[in-house]
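For reference, the structure is listed below as structure tokens.
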Amino acid sequence: MTGTSTPAATAPTATAQAAVLEGIGIGGGSAAGPVARMAPPAAMPPPRTVEPAERPAEAAAARDALAWVAADLTERAAATKGDASEVLSAQSMMAADPALADRAEALVHDGCDAAHALDAAFGAFRASLEAAGGYFAERVADLDDLRDRSVARVLGLPMPGLPDPGHPHILVAQDLAPADTALLDPANVSALVTERGGPTSHTAILAKILGLPAVVGCADAALLTDGRTVLVDGTAGTVVTDPAPDAVTQAAAREEQRRRDAARFSGPGRTADGHAVKLLVNLGALHELPAAAAADSEGVGLFRTEFLYLDRDTAPTAEEQTDAYRAVFAAFAGRRVVVRTLDAGADKPLPFVTAADEQNPALGVRGLRTADRDPRLLETQLGAIAAAADNSGAEVWVMAPMVSVPSEAAAFAERVRAHGLRTAGAMVEVPAAALRADRLVQTCDFLSVGTNDLAQYAFAADRTLGSLAEFLDPWQPALLELVRKAAQAGAGHGRPVGVCGEAAADPLLALVLVGLGVTSLSAAPSCLGDVRASLAGHSLDDCRRLAAVALDAPDATAARAAVREASAVREAPETP
Ligand code: PEP
Ligand code: MG
């Protein structure tokens, strides 16, 4: 199976002791350096009964640990900016909650030692958050992190969390939570390796935003000990341990060449024979706006608006939304911005939108379906988008997530137009939508294929489960068939069909997508240069030939390998 890893045979360029660990490559490029592991949570010692005479001191130790953790997080919040600072401040407030300290103290007075008292106090809070469901349940990971920190403090053990060895390193972790990655300093981290996670995991998306090579779902990452030198190849999805100096030099040369290739081309995307392919950026938060706007792109292909609705108990007001959209449209004046309306539910639960008691939230009332339950949400959002679009200079398109049948797209397009917005589209994320794309595309102005969800639903594989990464691989020929269906439907009616899922960020797969008939590709800004260079090195006929090769392959691994081999026949031209 792909996506799981085993120490493979010694690579031709590695030393005798070297092993090649396999996983899912993300972000392209490669980097070598020493491993720095994220410290695991402290192991709990066996419980101990605290004698009555010791209890006041033990209770004070528990309280002090919580206070220390809260103060440490406040200090780190002050030293950072934006989302990172907000995440840390929120965590600090949780740690400073007096109810937590009172509960731990009460447990110590019953004879429990400080570490176990903290563990149990956090456990009680954890259970009530989990029971609340939705957004609150999402905070459980933050609470677990606080428990680990407090327990480590009281036991005098190293703090779990991001390592800081003081030099550039390859960060290795079991998985990375948003709270960890908010603090990650790309100047010091050269690559990421995680044991868990799949191609659409948080780590994968973050690696692309930061422009770092990464290998996720690397089952043998536990073998990577602190200080060990590794070579991480985000294109091949491999981690070579103790690589031979030659291998490192060759990888650095390839990396340099990759950078040179990406730098040789600029401006609108096109194939070697001039077939235009719009290259657009994905945008998921306002703090990403400066980098997104500065990127060489024709606009935003996917503006995820969920960030406005997260971490709150009620929907943002029309004014709040208008301000945020205005900032984005101003930064992209003269370019296109495709705004996706709220995509709540499943991996993005919101307590005021989605029901906490659905048995299968990924198959429940999510995406556009939430607008049926509460039409005001969509109305307010469309009103805010229209107000912000007015006189903004940006070419504003609006699309709905999780469309399943043409009538949904038609109703959505009608609402969009009622707000004076001219261009309405539907995301193709459900196989039914792809299969009936020919009908769907006639109800609106464009389609945008969300390969992350389309893979999840086509393969009945939870997109958040690293262990199912094989099914979520965007090279799966069945997924490509669905993309082809959508692209052909668009071509038949003269309507654009883009791809905005993670598939669009892979320079090799981009050739296949264009060959299937896709007219635009939207990805993290750091990925566009490689995609542009890849297109510039191949004609539209090459792309069509490669698409046929991919569709003909028995599985994702074979498709990738066959296309890599077939594409190598044509090299990028010397001059743009
Ligand atoms: C997708 O599903 O491919 C997509 C782009 O949407 P998201 O990842 O936000 O669900
Ligand atoms: Mg989606």
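On a predicted model such as this, the values are computed, not experimentally measured, just so you know. Just follow the structure's listing: the first ligand is 1, and inside any ligand the first atom is 1.
R417 has its side chain within reach of D445: a pair of non-hydrogen atoms, C-beta onward, lies under 4.5 Å apart.
The N, O or S atom of D453 lying closest to the Mg ion (ligand 2) is OD2. The N, O or S atom of E429 lying closest to the Mg ion (ligand 2) is OE2.
In terms of heavy atoms, L308 sits closest to P316 at O-CG, 3.6 Å.
Partner L521 forms a side chain to side chain contact (heavy atoms under 4.5 Å, CB included) with one of V514, L528, L280 and no other, that one being V514.
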request  = Applying side chain to side chain donor-acceptor pair (under 3.5 Å), run through S404 and R369 and close with a yes or a no.
outcome  = CA-CA 9 Å; S404 307; R369 297 170 191 178; 3.0 Å; yes

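Coordination check, D343 versus the Mg ion (ligand 2): failed, since every N/O/S atom of the residue sits at 2.8 Å or beyond.
One N or O on the side chain of N452 and one on the backbone of E502 form a donor-acceptor pair closer than 3.5 Å. Remark: side-chain polar atoms of S534 are not paired, donor with acceptor, to backbone N or O of D530 under 3.5 angstrom. A distance-only check finds a donor-acceptor pair linking the side chain of E429 to the backbone of M402 [under 3.5 Å].
Near ligand 1, residues L302, R304, R340, D343, K348, M427, E429, G450, T451, N452, D453, R463, C500, G501 come within 4.0 angstrom through at least one heavy atom.
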